Asker: 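Let me begin by handing over the structure; questions about it come next.
Just so it is clear, the values below take in all heavy atoms, side chains as well, and ignore hydrogens, waters and symmetry mates. Here is the naming used below: chain letters follow the sequence lines, and residue numbers restart at 1 for every chain. Computed from a prediction, not measured in an experiment: that's the story for all the values here.
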Amino acid sequence: MSGRELRRDLAVLPMSVVRELTGLTDRQVRYYDQQGLIEPHRGAGKQRRFSLEDVDRLLQIAEYLDAGYTVAEIHEVDQKQQRKQKNTDPSEESLRHILADELLNIGRFNGQQRF
DNA sequence: CTTCTGACA
DNA sequence: TGTCAGTA
């Protein structure tokens with residue numbers, strides 16, 4: 001019964017807060033959403049409601065994009081992470097971010113000169 | 001007033 | 001991506 005832990009999974013943050021927390025424009029956030037990189041909850045009037053996990057994810061996405069990855073490549077990274085998450089025990093979940101940053105640095109740009 | 005979707009001078 | 005339009 002965890003009742004006093006911060007619910008980073010609860011989507012209650014409005015666009016204005018996410019905008020300030022991430023430094024991204026709402027245009028970018030909405031774009032990432034329509035690209036299926038995030039799936040924020042929807043409130044009255046279709047207003048997006050983000051969780052702290054979404055905020056983390058947004059920052060992740062921004063990192064990859066800055067690094068030169070395309071939206072498609074980020075999706076591929078997600079798939080490869082989902083696989084490793086399926087065959088890995090909870091104790092190794094802590095390596096998730098490490099793997100993510102690892103992939104970021106490896107960055108195998110097949111000829112495409114980005115940035 | 002804030003957010004949303006669609007569109008492009 | 002920015003930004004403007006027309007809503008909700």
Asker: State, with a plain yes or no, whether a side-chain heavy atom of F50(A) is found less than 4.5 Å away from one of V17(A).
Answerer: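 They are not in contact (no side-chain heavy atoms under 4.5 Å apart), so the answer is no.
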Asker: Without swapping roles, check the side chain of D54(A) against the backbone of S51(A) for a donor-acceptor pair under 3.5 Å.
Answerer: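 Pair found, side chain donor or acceptor close to backbone of S51(A).
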Asker: Could you give the CD-to-P distance, from Q34(A) to dG6(B), as a whole number of Å?
Answerer: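 Answer to the nearest Å: 8 Å.
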Asker: In whole Å, what is the span from the CZ atom of R49(A) to the C1' atom of dC4(B)?
Answerer: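 In whole Å, dC4(B) C1' lies 12 Å from R49(A) CZ.
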Asker: Does Q60(A) form a side-chain contact (heavy atoms from CB on, under 4.5 Å) with L37(A)? I'd like the steps, not just the answer.
Answerer: CA-CA 10 Å; Q60(A) 275 283 299; L37(A) 293 173; over 6 Å; no
Asker: Output the rounded distance in Å from CD (Q35(A)) to P (dG6(B)).
Answerer: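 Q35(A) atom CD is separated from dG6(B) atom P by 13 Å.
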Asker: What are the two closest non-hydrogen atoms of R30(A) and D26(A), and how far apart are they?
Answerer: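 In this case the closest contact between R30(A) and D26(A) is NH1-OD2, 2.8 Å.
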Asker: Do you know the tightest heavy-atom contact between D78(A) and R57(A)?
Answerer: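 Looking at all heavy atoms of both residues, the closest pair is OD2-NH2, 2.7 Å.
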Asker: For residues 39-47 of chain A, tabulate all N or O donor-acceptor pairs below 3.5 Å that involve a side-chain atom, not counting sequence neighbours.
Answerer:
from: R42(A); atom 1: NH1; to: K46(A); atom 2: O; distance (Å): 2.5

Asker: Give the dot-bracket line for DNA chain C from 5' end to 3' end: parentheses for intra-strand Watson-Crick or G-U pairs under 3.5 Å, square brackets for crossings, | for inter-strand pairing, dots for unpaired.
Answerer: .|||||.|
Asker: Please confirm whether the shortest side-chain N or O distance from R30(A) to OP1 or OP2 of dC4(B) is below 4.0 Å.
Answerer: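 It does, given that an N or O in the side chain of R30(A) lies less than 4.0 Å from OP1 or OP2 of dC4(B).
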Asker: Counting C-beta onward and ignoring hydrogens, is there a side-chain heavy-atom pair between Q28(A) and T25(A) closer than 4.5 Å?
Answerer: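 In contact.
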Asker: Testing the basics here: between L58(A) and I38(A), what is the closest heavy-atom pair and its distance to 0.1 Å?
Answerer: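 Minimum heavy-atom contact is CD1-CD1, 3.7 Å.
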Asker: Over all strands shown, is R19(A) touching base, sugar-phosphate only, or nothing at heavy-atom distances under 4.0 angstrom?
Answerer: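 The answer is sugar-phosphate, as R19(A) gets under 4.0 Å only of primed atoms, P, OP1 or OP2.
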Asker: Heavy atoms under 4.0 Å is the rule here; annotate nucleotides 1-8 of chain C 5' to 3' with B where the base is hit, S where only the sugar-phosphate is, and - elsewhere.
Answerer: BBB-----
Asker: dC4(B) C1' sits how many Å from R42(A) CZ, rounded?
Answerer: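 Checked: the CZ to C1' distance equals 8 Å.
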